[in-house]
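Notes follow once the structure below has been shown.
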Amino acid sequence: MPFSCTGNSRLHRQVTQSAIGQLILAAISVLVLSQTASAFYSFGNGYGSKWGPDPNFGTGAVVTWGYMLDGTTADPTFEMDPWSFPGTTGVTGGSNITQLRNAIDNLHGSGAFDTAIQAAFDTWASVANITFIGPMTDLGQPFASAGATSPDIRIGAFFPEAGHSFNNVGAVGFGPPGPAGNDPLAGDIIFNLNATFDIVVGIEDITPIPAYTNDLQGLILHELGHAAIGLGHPDWDGENPDQRVMYVGQWDNPEAPYCCQTINRELHPDDIAGAVFTYGLRGDLNADGFVGLDDLDIILANWNRTVPPANSAADPTLDGFVGLADLDIVLSHWNTGIPPVVSYDTIPEPTSSIFFTAIALGLGLSRSKRK
């Protein structure tokens with residue numbers, strides 16, 4: 001039975017891994033299975049499990065990202081999936097982003113891979129007060145090893161270990177750090193080099209994704225929802241098809257539709273609401289849920305000033321200076337507000353602070369595989 005987001009049976013599970021590498025499972029998995037349908041799931045319950053110096057939700061962040069160097073290996077003590085047997089890293093050899101990049105570029109032209117990855121980062125940054133800086137040069141430390149925290153989000157690509165559940169997904173993403181910070185897995189994303197990837201050409205929400213194929217941009221957008229934004233997989237909320245980027249299915253509801261059937265590279269209002277809940281609305285400097293004259297006044301009152309520290313209300317770029325870049329953010333989001341959302345459920349922060357993304361367990365043919 002492949003781990004996928006299609007099939008006749010789907011299991012929605014949430015796992016945590018502590019900073020010292022021990023897995024703490026029961027509380028989270030029981031909580032996720034018992035929650036009712038929601039618009040979005042947020043890790044941390046309003047505190048922690050986000051990027052930025054302020055662990056309180058609704059505050060901005062600057063996040064660095066980059067690609068693991070080719071040849072980067074996994075720490076031998078790392079266990080990717082506690083339900084796998086045996087409990088191992090789940091990967092073999094070293095990371096090889098170049099192989100994946102070349103495969104996509106050969107299909108769509110030079111630079112297509114990097115453009116798709118950047119577009120996914122830009123999509124999340126366009127709605128919430130989170131700024132991504134990258135790609136930064138990776139330091140080459142083993143994946144999941146102690147101290148491997150720079151850049152914040154490390155993107156790699158590995159061949160899966162034989163018999164491991166990693167064989168059956170397109171990618172795996174790990175959530176942001178909790179209040180303790182400095183977790184080596186926080187924000188990391190790894191692709192499965194045995195999976196099939198493409199940048200499917202077509203129309204959003206309409207063009208089907210071929211069977212056994214992962215749309216690269218849609219997949220990385222979903223994984224960044226875990227790794228950068230700190231969102232989990234929501235239950236079905238009644239829409240069919242359900243085009244929330246973070247939706248994968250609902251194992252205990254036979255009426256729930258499958259995910260990943262068509263191109264899905266644009267955020268649903270519920271995805272946006274989750275990002276805004278975590279980092280605040282892009283351009284909403286006074287945090288009233290709307291971008292307008294009051295926010296412009298904040299920019300003008302602090303114009304051409306240095307504003308320590310980061311997260312100053314007048315400095316949406318979080319670069320420590322109020323100027324044209326900050327004004328542009330307010331103007332580009334002018335007259336926008338937080339999208340309507342029926343409800344949200346939060347997953348409380350446990351004693352550990354790294355979140356392994358939820359898995360959907362399915363039977364039958366998989367169109368797109370993601371965690």
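These numbers come from the heavy atoms of this one structure, side chains and all, not from hydrogens, waters or symmetry mates.
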Under the ring-ring contact (aromatic ring centres under 6.0 Å, His included) rule, what do F57 and F277 come out as? Steps first, then yes or no, please. CA-CA 6 Å; F57 279 27; F277 172 76; 5.3 Å; yes
If only atom types and distance count, is the side chain of W124 paired as donor or acceptor with the main-chain N or O of L221 below 3.5 Å? yes
Given 3.5 Å as the limit, does a donor-acceptor pair link the side chain of S332 with the main chain of D328, or not? yes
Can you pull the salt bridge (Lys or Arg N to Asp or Glu O under 4.0 Å) pairs that have at least one residue in residues 168-177, sequence neighbours excluded? none
Pairs satisfying salt bridge (Lys or Arg N to Asp or Glu O under 4.0 Å), at least one member in residues 167-176, at least two apart: none
Joint hydrophobic cluster, L219 plus L107, side-chain heavy atoms closer than 4.5 Å: no
Is it true that the side chains of [X] and [Y] contain a donor and an acceptor less than 3.5 Å apart?
X    : Y    : result
H268 : E239 : yes
N264 : H222 : no
N194 : N192 : no
T98  : D70  : yes
Y247 : D237 : no
D326 : T317 : yes
T92  : E161 : no
T262 : Q243 : yes
D215 : Q217 : no

Can you list the residues that meet the side chain to side chain donor-acceptor pair (under 3.5 Å) rule with [X], with sequence neighbours excluded?
X    : value
D271 : none
E204 : none
N96  : none
D188 : none

By salt bridge (charged side-chain N to carboxylate O under 4.0 Å, His left out), D75 pairs with (sequence neighbours left out) none
In short, side-chain hydrogen bond (donor to acceptor under 3.5 Å, both in side chains) pairs touching residues 285-301 with sequence neighbours left out are N286-D288
Would you be so kind as to tabulate the donor-acceptor pairs closer than 3.5 Å made by side chains of residues 171-179, with sequence neighbours excluded?
none

For a quick test of your reading: what N or O donor-acceptor pairs under 3.5 Å do the side chains of residues 113-121 make, sequence neighbours left out?
unit_1, atom_1, unit_2, atom_2, d
D114, OD1, Y67, OH, 3.4
D114, OD1, R101, NE, 3.1
D114, OD1, R101, NH2, 3.2
D114, OD2, R101, NE, 3.4
T115, OG1, G111, O, 2.8
Q118, NE2, D122, OD1, 3.0

Would the F143 and F78 ring centres measure less than 6.0 Å apart? yes
Taking the six-membered ring where the residue is Trp, are the ring centres of F191 and F197 under 6.0 Å apart? yes
Set of ring-ring contact (aromatic ring centres under 6.0 Å, His included) partners for Y279, sequence neighbours left out: none
What heavy-atom pair brings P234 and A39 nearest, and what distance separates the two atoms? CB-O, 4.0 Å
Listed once per pair and sorted, the ring pair (Phe, Tyr, Trp, His ring centres under 6.0 Å) pairs that draw on residues 281-304, sequence neighbours left out: none
